[in-house]
Asker: 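Take this structure, written in C-alpha cells, and hold onto it; I'll ask about it next.
When a ligand or atom number is given, it counts from 1 through the structure's own listing order. Predicted model only: the values in this text are computed from it and were never measured. Heavy-atom basis, side chains included; hydrogens, waters and symmetry copies ignored. Each residue takes its place number in the sequence, starting with 1.
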Amino acid sequence: MTAAPDFRVARGPGATVWAPETVTADPYNAQTPSAALAEPVTPVAAFFVRDHFGIPPTDAGRWRLHVGGAVATAFSIGREELLALEHRALDVVVECAGNGRSLMRPAPPGLPWSQRAVGCARFEGVPFRLLADRAGIDPEAVEVVFTGADSGTVHGRRTPFERSLPLAVARHRDTLLATRMNGEPLTPEHGAPVRLVVPGRYAVADVKWLVGVRVVTAPFGGVFQAEEYLYTAARGTPEGPVTTLRVKSLITEPAPDEDLRRGRAVVVRGHAWSGGGVPVSRVEVRAEHQDEAGDPDHVRGWHEAVLSPPAGPYAWTGWTYRWTPQQPGPYRLLSRATDARGVAQPLQAPWNAHGYGCNPVASVEVVVV
Ligand SMILES: Nc1nc2c(c(=O)[nH]1)N[C@H]1C(S)=C(S)[C@@H](COP(=O)(O)O)O[C@H]1N2
Ligand SMILES: [Mo]
C-alpha cells in the first residue's frame with residue numbers, strides 16, 4: 001500500500017514549499033493538497049484556486065474601487081486610502097460550492113473536485129459597511145452587486161464575474177473587503193489587491209479582484225446569480241440559490257491506504273465546520289470493518305470525537321478520536337459533524353444537477369495489519 005501523494009516539496013532544512021494540485025490549467029483551477037489540509041491554517045501557497053475566466057492583470061498602484069448605484073454619494077477609493085481604514089481579522093473557511101462534486105452519482109457537470117476545494121485562512125479586511133455608510137444607501141435598496149476585474153463569455157453573453165448580496169448581509173460587520181490572507185498581502189490567485197470575503201457562505205460570494213460595487217433596488221439577475229450557483233433538480237434539498245455553507249467534516253489523518261497495526265492506538269483527526277457562523281457541536285467517528293464480501297461490519301457504532309475550540313465563529317473546528325483497531329483487514333473510517341442547530345451530515349451525497357453542497361459523511365479507507 002502506498003501513502004497518499006504528498007505535494008510538499010522540501011527545499012532546504014526546515015523549508016516547505018507548497019503548491020496546489022492543478023485541476024485545469026487555463027483557467028487555473030487547483031485543489032488543496034491533502035497534506036496541507038492537515039494544517040489548522042491552510043498555507044496560501046497550497047490554498048485551492050477557483051477561477052472562471054483566469055487571473056486578470058492587477059496593478060495595486062492603479063487599483064480603484066468604484067462605489068455607486070442607489071447611493072447618495074458615489075465615490076471611488078484607492079488602495080492606500082482603503083488600507084488606512086479600520087481592518088478586522090477573521091479566520092474563515094472558504095469552500096467552493098462544487099467541493100466534493102466528484103462523489104455524486106450520476107456525476108454532475110462541472111469541475112470534478114474531490115473534497116479539497118476548501119481551506120481555512122485568516123483574512124484581514126475593511127468591513128464593507130464602512131464604505132456603504134460613506135456612500136449613503138438609498139432606502140429602496142435591496143442588494144449590493146460586487147464586480148470583479150475578470151470577464152468572459154457565458155451562455156453566449158459577455159459578462160464580468162459579478163455576484164450580489166442581500167443588503168443586510170453586505171452590511172454585516174464581518175463582510176470584509178479583504179486585503180491580507182494569513183498575514184501577507186493577497187496573492188494574484190486569491191484576488192489581489194482586494195477581494196470580498198463573506199464568512200459562512202459558499203465562496204462563490206467572495207468576489208476576487210474587486211473593482212466595482214453597485215447598490216441596486218431590484219434583485220440582481222446576473223448569470224452567476226440567477227443562472228449558475230442554483231440548487232436545481234435537487235433530490236432531498238430545496239431548490240434555490242447556493243448560500244450558507246452546509247455542515248461538513250474532513251478526515252486529515254490517517255492518510256488513505258495507510259497501514260495500521262492491530263491493537264495499536266491511532267489518532268483519527270480532522271476538521272469540521274458549518275455555515276452562517278453556527279458552531280459545530282459534535283463530531284462522531286465510526287470504524288467499519290470491510291469483510292471479504294465488502295460488507296461493512298455494523299457492530300461498532302458512532303463514537304464522540306474530542307473537539308478543540310475553533311479560531312473564531314467562521315473557522316473550522318479541529319477534532320480527534322483515539323481508535324484502536326481490533327481486527328486485521330480493510331476498514332473504512334467515517335466522520336460525521338453536527339452543528340448547533342442539530343443539522344448533521346447525511347450518509348449519502350445529496351445529489352443535485354450541478355453538484356453543489358456535497359456534504360456526506362467523510363470517509364477514508366485504511367488497512368490494519
Ligand atoms: N472575480 C472572481 N471572483 C471569484 C471567482 C471568479 O471566478 N472570479 N470564483 C469564485 C469561486 S466559485 C470561488 S470557490 C472562490 C475561490 O476563491 P480562491 O480561488 O481564493 O480559493 O472565488 C470566488 N470569487
Ligand atoms: Mo466555487
Asker: Can the ring centres of Tyr331 and Trp323 be said to be less than 6.0 Å apart?
Answerer: yes
Asker: Check Asp51 against ligand 1 and report side chain, backbone, both or neither, counting heavy atoms closer than 4.0 Å.
Answerer: backbone
Asker: Is the Lys NZ or Arg CZ of Arg163 less than 6.0 Å from the centre of Phe220's six-membered ring, within 45° of the axis?
Answerer: no
Asker: Would a distance-only check, ignoring hydrogens and angles, find a side-chain to backbone donor-acceptor pair under 3.5 Å from Thr153 to Gly156?
Answerer: no
Asker: Under 4.0 Å from any heavy atom of Val49, which atoms of ligand 1 are there?
Answerer: 19 (O)
Asker: Is it the case that more than 12 heavy atoms not belonging to Gln348 sit under 6.0 Å from its CD atom?
Answerer: no
Asker: Quick one: ring pair (Phe, Tyr, Trp, His ring centres under 6.0 Å) partners of Phe48, sequence neighbours excluded?
Answerer: none
Asker: Which protein non-hydrogen atom lies closest to atom 8 (N) of ligand 1, naming both residue and atom, and how far is it?
Answerer: Asp150 OD2, 2.7 Å
Asker: How far is atom 23 (C) of ligand 1 from its nearest protein heavy atom, and which residue and atom is that?
Answerer: Ala203 O, 3.3 Å
Asker: Once you restrict to heavy atoms under 4.0 Å, what part of Tyr229 touches ligand 1? Side chain, backbone, both or neither.
Answerer: side chain
Asker: Tyr321 vs His303 aromatic rings, parallel, tilted or perpendicular, using cut-offs 30° and 60°?
Answerer: parallel
Asker: Val207 heavy atoms, cut-off 4.0 Å: which ligand 1 atoms fall inside?
Answerer: 3 (N), 24 (N)
Asker: Sequence neighbours excluded, which residues qualify as ring pair (Phe, Tyr, Trp, His ring centres under 6.0 Å) partners of His87?
Answerer: none
Asker: For atom 16 (C) of ligand 1, which protein heavy atom lies nearest, and how many Å away is it?
Answerer: Arg50 CB, 3.7 Å
Asker: Answer with side chain, backbone, both or neither: which part of Trp209 has a heavy atom less than 4.0 angstrom from an atom of ligand 1?
Answerer: side chain
Asker: Would you mind listing which atoms of ligand 1 come within a distance below 4.0 Å of any non-hydrogen atom of Cys96?
Answerer: 14 (S)
Asker: Which atoms of ligand 1 have any heavy atom of His190 under 4.0 Å away?
Answerer: 18 (P), 19 (O), 20 (O), 21 (O)
Asker: Does Trp302 have Arg336 sitting over its ring (NZ/CZ under 6.0 Å from centre, angle to axis within 45°)?
Answerer: yes
Asker: Counting only heavy atoms, which portion of Glu95 has something under 4.0 Å from ligand 1: side chain, backbone, both, or neither?
Answerer: neither
Asker: For atom 3 (N) of ligand 1, what's the nearest protein heavy-atom neighbour? Residue, atom name and distance, please.
Answerer: Lys208 N, 2.9 Å
Asker: For atom 22 (O) of ligand 1, what's the nearest protein heavy atom and its distance?
Answerer: Arg195 NH2, 3.4 Å
Asker: Please state which protein non-hydrogen atom is closest to atom 4 (C) of ligand 1 and give its distance, to 0.1 Å?
Answerer: Phe161 CE2, 3.5 Å
Asker: Can Val242 be reached from Val169 by stepping across I, L, V, M, F, W or Y side chains whose heavy atoms are under 4.5 Å apart?
Answerer: yes
Asker: Who's the nearest protein heavy-atom neighbour of atom 21 (O) of ligand 1, and how far?
Answerer: Phe48 O, 2.6 Å
Asker: Which heavy atom of the protein is the closest neighbour of atom 24 (N) of ligand 1, given with residue, atom name and distance?
Answerer: Asp206 O, 3.0 Å
